Amino acid sequence: MNDLQIIEMYWKRNEQAISVTAEKYGTYCYSIAYGILHNEEDSKESVNDTYMSAWNSMPPHKPNVLKTFLGKITRRLSIDRLKRKNAEKRGGEIAEVLDELSECISPSGDPIAEVEKKMLDKTINTFVRKLKDTEQRVFLYRYWYAKPVKEIAKLFGFSESKVKVMLMRTRNKLKEKLETEGLL
Amino acid sequence: MTKFDLFDSIGNVDDELIEKATEPKKSSKINKIFLLTGSIAACAAIAVTGVYLLSSQHTTVDTSIPVTGGYTEKGAELSSGITEGGTYSEIPHTEESYDTEIEIITSDIFYVKEGIIEKTPVEHEATPQAVFELWKKMNNIGDEVKILSVKIESNGITEESEYDGQGVATYHVGDTLTFNLTITKNIENYYSSSGKFLLLSSLEKTMYEASEIKYGEFNLILAEG
């Protein structure tokens, strides 16, 4: 079943939409959740919450790409769950990912205000869009999907060292960009 | 802004970018070429068909181009020679390219502190530029001091011969390598604070430690930048 047909089911309030979504994108959403939460039970709950959130948001939403729409929901829900449970201390890849990103911000950063959040979203989007193709893909695999460096290296046929250098350089560029935009 | 805020914002990038990231891509040929602090094109005899090369007691190899190679470590006492003046060539600027793989290594960076040379291990890219920048930072030397060139000389010889009616040049690797580092003359502005001998010794030690090739001689050349 294609995405348009699935979205149509949501709009017609056909509850089969959820089971079809689970069949088509369940594994994808679970891999995102697990990359962040590093816990089977929490990840399953996060994925279930994703289906509920999708049900509640379509309508009015009609996403162009259902897969990434769901992926974003899962990612957001997972990080919220992580913050609530302080699961960062559990370890796993997300702790390292967050530590790497902390290099791009001021050490004593406070949570961002809503207005600044919109500006940050826009800045990040522009920044990522302007990256060269491979840099962009590696960056997103690491900081969107929270994939381990080892897995990224294997995927691209690079050494882990090369991936680390690439990420380090991109983070440095990101930090400069945030400073230029006055977000740090 | 917290790291969670940043992670969250990354999550809001456009859908097409996320989709594109996971699209299968043809893997490009990866050239596992390492930029070493001193590289020579061959550690064994090279036969070049149809090319005549001039024989020379000393062969200068431009290390600004990436080359492959492997070397056996040769224990040798360090000997320094510092010359002033001389010609130099600029290290060609290259765009950042991830097709050339740069290794990350850990080596000691030597610095002068209160009249003695100390050292600290630092992780860095295995390039002379990266090592030099770290050395400058540890010794409080400004950006105006720059590397102008890095060259390795060998006392290898090239022999000409003929094979099947065609000219063949064979290069025989020598047994002594000399590391020639040319930097800008304005390093002299920093002699008074650290002492000329200590400062330049720390540079020599730093470059030697970082180099995969254990050369026998080190020449520091100061030239106008």
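Quick caveat, the model's predicted, so the values are computed rather than measured. Numbered from 1 within each chain, the chains take letters A, B, ... in sequence-line order.
Heavy atoms closer than 4.5 Å to chain B are found in both the backbone and the side chain of A:Leu120. Of the atoms belonging to A:Tyr143, heavy atoms from both backbone and side chain fall under 4.5 Å from chain B. At a 4.5 Å heavy-atom cutoff, the contact between A:Leu101 and chain B is made by backbone and side-chain atoms alike. There is no contact between A:Phe127 and chain B, counting heavy-atom distances below 4.5 Å.
For the pair B:Glu125 and A:Arg169, the minimum side-chain heavy-atom distance is below 4.5 Å. For the pair B:Leu6/A:Leu178, a side-chain contact is recorded, criterion being any heavy-atom separation below 4.5 Å from C-beta on. You'll find the side chain of A:Asp99 reaches within 4.5 Å of the side chain of B:Lys3, heavy atoms only. With contacts defined as side-chain heavy-atom distances shorter than 4.5 Å, the pair B:Asp15/A:Asn64 does not qualify. Within the 4.5 Å cutoff, side-chain heavy atoms of B:Ile18 are placed close to those of A:Lys72.
Within the model, atoms CG of A:Leu140 and NZ of B:Lys20 stand 9.0 Å from one another, a figure rounded to the nearest 0.5 Å. Atom CD1 of A:Ile105 is separated from atom CG of B:Asp5 by 8.0 Å, given to the nearest 0.5 angstrom. With rounding to the nearest 0.5 Å, the separation of CZ in B:Phe4 from OG in A:Ser102 is 10.5 Å. Atom CZ of A:Arg75 is separated from atom CD1 of B:Ile10 by 6.5 Å, given to the nearest 0.5 angstrom. Taken to the nearest 0.5 Å, the CG atom of B:Asp8 stands 4.0 Å off from the NZ atom of A:Lys117. Atom CD1 of A:Ile124 sits about 12.5 Å away from atom CG of B:Asp14, to the nearest 0.5 Å.
Under the side-chain hydrogen bond (donor to acceptor under 3.5 Å, both in side chains) criterion, A:Arg142 pairs with A:Glu93, A:Glu100, sequence neighbours left out.
Shown here is A:Glu23, whose CD atom has no more than 12 heavy atoms of other residues, nucleotides or ligands within 6.0 Å. Annotation for A:Lys24: atom NZ counts as buried by contact number, over 12 foreign heavy atoms lying within 6.0 Å. Atom CD of A:Glu15 has 12 or fewer heavy atoms from other residues, nucleotides or ligands within 6.0 Å. Other residues, nucleotides and ligands contribute only 12 or fewer heavy atoms inside 6.0 Å of the CG atom of B:Asp143.
Put simply, of A:Asn125, A:Leu184, A:Val128, the one with the most heavy-atom pairs under 4.5 Å next to chain B is A:Asn125. Per-residue heavy-atom pair counts under 4.5 Å with chain B were compared for A:Lys67, A:Arg76, A:Glu116, A:Arg129, and the maximum is reached by A:Arg129.
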